[in-house]
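Structure first, commentary second.
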Amino acid sequence: MVCTQYFPKDPLATPSLPPSFILPPYASHPFHRCDLNLPPHCDRNPLTLIFSSPEIRPNYNPLTVYATNTPSLDHMSPYAFRQLFKALKPHRNIIFEIKNIKASLREIKDRGERYGFNSLEEGSSSKSSVTSIEHHGLRLNSLFVTDNEFLDVNFPSDKLIAGLVEGTLARMMISFVGTGGIGKTTLVKKVYDVEVVKGHFDCCAWITVSQSYNIEKLLRILAQQISSTIERVASEVDIFEYLINPLRQHLQTKRYLVVFDDVWQTDFWCVMKHALPINDKGSRIIITTRNDTVADSCKETSSDLVIKLQPWSQEMAWELFCKKAFKYEFERNCPKELEELSLQIVKKCQGLPLVIATVAGLLSLKEKSAFEWKKMHDALCSELETNPHLSNISKILSLSYNNLPYYLKSCFLYFAIFPEDRFIADVRLYRYWIGEGFVKEKRGKTLEQVAEEYLNELIQRNLVQVWGLLGYTDKLCRVHDLVHDVILSRANELGFCQILDENKSMISGRSRRLSIHTSNKNAMETIEDYGARSIFLFNVDGLTRAFMLTWFEKFKKFQLLKVLDFTDVPLEYLPKEVGNLFHLKYLCLRNTKVKKLPKSIGNLQNLQILDLFYSPILELPIEINNLRNLRLLMGIYHDRTMGLNLDAIHGLRPKKGIGCLDNLHVLCVVDSSCGGVNLIKELDKLRQLRWLSISNLTVENARALSASIQKMNHLERLVLISSNKDEILDLQSILSPPSLLYHIVLRSGRLLSFPSWISKLQNLSTFGLNDTRLVDNPLKILGGLPNLEHFWLENAYEGEELHFEEGSFPKLKLLQINKLDRLEIVKVKLGALPLLEVLCIGTCPLLKTATGLQHLRSLKLIEISDMPGEFVTDLQPDIGRQQWTVRHVPYAAWFTGEGDAYDFYQSAYNWNVDR
């Protein structure tokens with residue numbers, strides 16, 4: 001690295017060069033010039049300072065700069081020396097400050113290690129973490145539950161007892177997994193203490209493991225509980241290897257029962273299993289854990305079980321609540337005047353028995369009045385933090401957060417941004433995390449794939465709940481309400497984010513993220529935290545053009561902003577000032593009313609994600625082509641006044657040159673009519689594409705597109721939409737499709753023949769045909785695909801019969817058959833569709849019956865819409881001739897042509913979905 005500075009030449013001075021100079025620490029550019037404000041009479045002879053970077057020189061001293069090829073310093077005037085040291089002296093102070101900070105950090109680290117604190121990589125605890133003594137104290141309530149407080153739910157205790165004392169003689173591992181407070185320890189302890197269980201085994205042991213454990217200490221405790229002789233021998237040695245052999249030898253001929261409660265790490269079983277021999281005496285091992293990965297890692301044989309405990313039903317939760325809240329009066333029944341409030345309190349507990357029992361126990365000590373009950377209902381969240389009777393709940397729920405590795409903590413805290421009870425699509429979370437920079441690159445994987453790994457790890461730790469949505473492959477995620485409260489508290493404590501809502505209209509202190517849950521313009525105008533990295537808006541009713549101009553004028557000061565999300569905000573105008581947000585990586589205008597992007601959008605050189613879905617933005621300014629870091633460009637507009645016709649769907653219309661965006665992973669949906677074949681040729685350059693959706697295809701465009709698709713080796717999702725239903729497309733020319741394709745939708749107008757290349761896609765999991773009006777039966781090709789999970793036909797087949805042959809569609813979970821006007825017969829053979837869970841049949845006017853439905857033993861939901869009366873009547877419970885074929889299906893729904901359900905069996909959920 002070289003630094004050049006000009007000094008005046010003085011021929012009368014000849015002293016030697018001093019050994020070192022101070023270099024400004026910001027001089028990082030190879031040819032940085034230090035401006036010393038020299039007077040104009042100075043001669044411009046260079047003094048070249050060459051210094052080493054710490055990467056090159058291991059003994060680098062940041063205070064030293066070596067001077068070479070310089071004239072003697074007696075040519076330098078005293079004025080120049082004064083100017084030099086005057087300019088560099090402040091930077092010497094900065095360097096000493098940095099040194100002091102580093103020394104302080106080293107001292108803090110050393111002190112932490114002396115006291116046994118973990119590093120960040122190990123999942124460090126914050127100041128609110130639970131100590132070892134507190135942790136064991138928190139578990140006492142679970143270990144000592146009286147019989148009249150215990151409810152036999154989730155996994156019945158008699159079934160567990162039978163599994164322990166009966167059945168196979170092979171050693172069996174039983175893992176109970178579930179979120180904190182679900183009742184794992186309570187259930188296992190009740191069974192462990194049953195006399196018939198303890199009498200059945202030669203020796204028993206109960207070991208509480210916890211987050212921070214010492215494996216040698218646990219082995220000694222196990223040896224002590226199994227046999228005092230082993231423990232005495234083992235105590236004479238220090239290496240725990242000598243604990244394992246005596247244990248194995250002693251237990252080899254014994255029928256033993258060992259419980260490991262509260263296991264957090266997979267490494268635990270890797271060591272402990274060597275002390276517990278696999279014998280044929282009927283031995284049993286039980287573990288309880290919050291982590292699915294831990295439970296799975298302990299499963300070594302086919303006889304081992306993993307049992308996941310689910311939140312309690314409302315009925316069971318109500319029974320426990322009444323037992324605890326009214327244990328001293330009302331014969332453990334809730335008075336009528338308190339019933340509605342009590343039900344609301346129970347609902348807030350969301351099936352966690354720990355929370356139900358603790359809240360009910362506190363209420364049992366209060367006056368049985370609606371006033372007291374209402375106070376508890378309204379203040380439950382704050383009570384969890386401040387009330388000593390409830391604080392244990394928050395501590396137990398916090399344990400899982402404290403155990404997270406550092407790279408997952410920020411991802412988990414992100415759930416604080418969303419309103420309570422909000423479901424969030426997994427792909428949306430990925431984009432947020434990527435925009436924030438939480439997701440780190442891994443060799444051979446995209447950032448989206450790494451983000452998916454992060455989410456899966458949170459799910460496996462039972463911190464995030466997941467629901468599937470009919471017809472979608474995306475996962476819908478949320479957190480338990482009380483976990484959400486814990487996250488909010490932690491996020492506020494760490495300055496991670498602040499929420500502005502009806503109850504809080506002012507920002508207090510500094511925060512990295514602001515989440516606005518109100519339309520109160522006064523609250524929005526108070527935002528002055530210009531250090532915020534992200535801003536989100538939820539439940540915002542309306543923003544005028546004048547207000548947005550004023551607000552974006554403020555945004556000039558938000559120089560660090562990375563994420564800006566206007567999803568579902570009735571925003572009509574995006575001011576040009578958005579171009580000032582140079583660091584912006586994520587901009588979302590999904591489902592807004594914005595019709596045009598300003599040209600200043602081209603200034604956002606760091607933008608990675610631009611989401612315009614369901615906004616009436618069609619024309620893209622040519623400045624979009626400047627966004628060379630763009631990874632995702634999404635936009636589609638559906639004109640609802642035109643119904644579901646193809647003409648109602650409008651894609652984005654880019655300008656010439658979009659092929660220069662060679663970092664694009666997602667391009668959805670692009671209108672091919674704006675550039676025709678030339679646009680298709682531009683797509684040739686986008687070799688990193690994972691998802692391509694293209695609309696308004698014609699015969700000519702489709703032929704050119706087929707050639708381009710073969711070059712997109714990374715392509716995973718493909719959606720093709722024709723210009724109209726009568727357009728006849730030929731897709732047969734794709735001879736070598738991308739092997740990674742797993743999602744294809746062809747809404748492509750009439751197909752002369754079914755594309756034969758589809759049969760080559762061994763990874764295909766989702767396939768949809770709309771408006772293709774095929775004459776050939778597509779089931780012959782699709783039935784053999786090994787990984788197909790979602791398949792639908794809508795106005796896609798003109799044949800009279802659909803036969804699902806034995807062995808066909810081995811992994812299909814969702815099948816939709818809709819608007820097949822000539823279909824008369826559906827037959828399902830034994831062995832077909834073995835994993836089908838959802839079957840939807842609608843608007844097939846000639847279809848009178850479907851036979852073989854009794855073979856679909858995995859079916860969970862059958863949905864019938866706008867079908868002939870005879871077809872519906874045959875499947876009606878109790879009266880239908882074919883009702884016996886669907887008697888095993890737990891859920892069934894019938895809909896009229898307008899989409900209104902006129903009958904539904906079992907229950908349905910209304911989801912507040914955030915996609």
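Keep in mind that what you see is a predicted model, and the values were worked out from it rather than measured.
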Between Asn606 and Lys585, is there a donor-acceptor pair closer than 3.5 Å when you use the side chain of the first and the backbone of the second?
no

Any side-chain donor near an acceptor of the partner, Ser756 and Gln732, under 3.5 Å:
yes

Does Gln688 offer a backbone N or O that forms a donor-acceptor pair with the side chain of Arg690 under 3.5 Å?
yes

Contacts of Glu457 meeting side-chain contact (heavy atoms from CB on, under 4.5 Å) (sequence neighbours excluded), chain-then-number -> Pro405, Tyr407, Leu408, Arg461

Below 3.5 Å, can you tabulate the donor-acceptor pairs from side chains in residues 443-452 to any protein atom, sequence neighbours excluded?
residue : atom : partner : partner atom : Å
Lys445  : NZ   : Glu453  : OE2          : 2.2
Thr446  : OG1  : Gln449  : N            : 3.2
Glu448  : OE1  : Arg631  : NH2          : 2.7
Glu448  : OE2  : Arg631  : NH2          : 3.1
Gln449  : OE1  : Thr446  : N            : 2.9

Reference residue Met634; test side chain to side chain contact (heavy atoms under 4.5 Å, CB included); the match among Leu612, Val666, Leu610
Val666

Start with the C-alpha distance between Glu789 and Ser765, add both sets of side-chain angles, then the distance that settles side-chain hydrogen bond (donor to acceptor under 3.5 Å, both in side chains), and finish with yes or no.
CA-CA 5 Å; Glu789 295 184 358; Ser765 63; 5.6 Å; no

Below 4.5 Å, heavy atoms only, C-beta onward: do Leu564 and Leu584 meet side chain to side chain?
yes

In chain order, what residues pass the salt bridge (charged side-chain N to carboxylate O under 4.0 Å, His left out) check against Lys599, with sequence neighbours excluded?
none

Smallest heavy-atom separation, Leu769 atom then Phe754 atom, equals CD1-CE1, 3.8 Å

At what distance, to the nearest 0.5 angstrom, does CG of Leu458 lie from SG of Cys477?
9.0 Å

With sequence neighbours left out, write down each residue that passes salt bridge (charged side-chain N to carboxylate O under 4.0 Å, His left out) with Glu798, or none if nothing qualifies.
Arg750

Knowing that exactly one of Tyr432, Tyr586, Phe418 qualifies, which makes a ring pair (Phe, Tyr, Trp, His ring centres under 6.0 Å) with Phe536?
Tyr432

Would you please test Arg428 and Asp565 for salt bridge (charged side-chain N to carboxylate O under 4.0 Å, His left out) and show each step?
CA-CA 11 Å; Arg428 188 175 183 186; Asp565 191 341; 2.9 Å; yes

Taking the side chain as every heavy atom from C-beta outward, state whether Pro868 and Val872 have any pair of such atoms under 4.5 Å apart.
no

Please table the atom pairs, donor to acceptor, closer than 3.5 Å between any side-chain atom in residues 676-687 and protein atoms at least two apart or in another chain.
residue : atom : partner : partner atom : Å
Glu682  : OE1  : Gly659  : N            : 3.0
Glu682  : OE2  : Gly657  : N            : 2.8
Asp684  : OD1  : Ser708  : OG           : 2.5
Asp684  : OD2  : Lys711  : NZ           : 3.3
Arg687  : NE   : Asp684  : O            : 2.5

For the pair Lys829 and Glu805, find out whether any cationic side-chain nitrogen is under 4.0 Å from an anionic carboxylate oxygen.
yes

When you measure from the side chain of Gln605 to the backbone of Phe582, do you find a donor-acceptor pair of N or O atoms at a distance under 3.5 Å?
no

Has Gln710 got a side-chain atom pairing as donor or acceptor with Leu735's backbone, closer than 3.5 angstrom?
yes

Below 6.0 angstrom between ring centroids: does that apply to Tyr414 and Phe438?
yes

Approximate separation, where rounding is to 0.5 Å, of Cys588 SG and Ile609 CD1
9.5 Å

Could you tell me whether the side chains of Thr698 and Ser723 share a donor-acceptor contact shorter than 3.5 Å?
no

Applying side-chain hydrogen bond (donor to acceptor under 3.5 Å, both in side chains), run through Glu436 and Ser534 and close with a yes or a no.
CA-CA 8 Å; Glu436 292 275 8; Ser534 308; 2.3 Å; yes

Do Leu875 and Thr885 come within less than 4.5 Å of each other through their side chains, counting heavy atoms only?
yes

Kindly say whether Leu741 contributes a backbone atom to a donor-acceptor pair with the side chain of His743 at under 3.5 angstrom?
no

Check for a donor-acceptor pair, side chain of Asp568 on one end and backbone N or O of Thr592 on the other, with a separation under 3.5 Å.
no

Can you tell me how far CG of Leu802 sits from CG of Leu793, rounded to the nearest 0.5 angstrom?
6.5 Å

Under 3.5 Å, side chain of Asn763 to main-chain N/O of Ser739, donor-acceptor pair present?
yes

Please name all residues satisfying side-chain contact (heavy atoms from CB on, under 4.5 Å) with Val669, sequence neighbours left out, ordered by chain then number.
Ile636, Ser693, Ser695

For Asp611, all residues meeting side chain to side chain donor-acceptor pair (under 3.5 Å), sequence neighbours excluded:
Arg590

So, do Met867 and Cys844 sit near enough that their side-chain heavy atoms are less than 4.5 Å apart?
yes

Heavy-atom closest pair (Leu751 atom, Pro755 atom, distance to 0.1 Å) is CD1-CD, 4.1 Å

To the nearest 0.5 Å, how far apart are CG in Leu820 and OG1 in Thr843?
9.5 Å

Check whether any side-chain heavy atom of Val828 sits under 4.5 Å from a side-chain heavy atom of Thr851, and report yes or no.
no

Given side chains that start at C-beta, do those of Leu597 and Val578 come closer than 4.5 Å, heavy atoms only?
no

Exam field: side chain Arg773 to backbone Asn770, donor-acceptor pair closer than 3.5 Å:
no

Return the set of residues passing side-chain contact (heavy atoms from CB on, under 4.5 Å) with Lys655 (not counting sequence neighbours), or none when no residue passes.
Glu619, Ile622

Decide yes or no for Ile817 and Leu823: does some side-chain heavy atom of the first lie under 4.5 Å from some side-chain heavy atom of the second?
yes

Check whether any side-chain heavy atom of Pro834 sits under 4.5 Å from a side-chain heavy atom of Ser858, and report yes or no.
no

With sequence neighbours excluded, tell me which residues meet side chain to side chain donor-acceptor pair (under 3.5 Å) with Asp874.
Arg881

Ser706 meets the side-chain contact (heavy atoms from CB on, under 4.5 Å) criterion, sequence neighbours left out, with Leu731, Ser733, Ile734

Taking all atoms of both residues into account, what is the closest heavy-atom pair of Thr766 and Leu788, and its distance?
N-CD1, 4.0 Å

Rounded distance (nearest 0.5 Å) linking atom CZ of Phe791 with atom CG of Leu764:
10.0 Å

When the side chains of residues 778-787 are checked against the rest of the protein, which donor-acceptor pairs come out under 3.5 Å, sequence neighbours left out?
residue : atom : partner : partner atom : Å
Asn787  : OD1  : Lys811  : NZ           : 3.2
Asn787  : ND2  : Gln762  : O            : 2.7

Who pairs with Lys593 by salt bridge (charged side-chain N to carboxylate O under 4.0 Å, His left out), at least two apart in sequence or on another chain?
none

Would a distance-only check, ignoring hydrogens and angles, find a side-chain to backbone donor-acceptor pair under 3.5 Å from Ser808 to Ala832?
no

So CD1 of Ile434 and NE2 of His665: to nearest 0.5 Å the spacing works out to 9.0 Å

Note: Lys819-Asp866 ion pair, threshold 4.0 Å (strictly below):
no

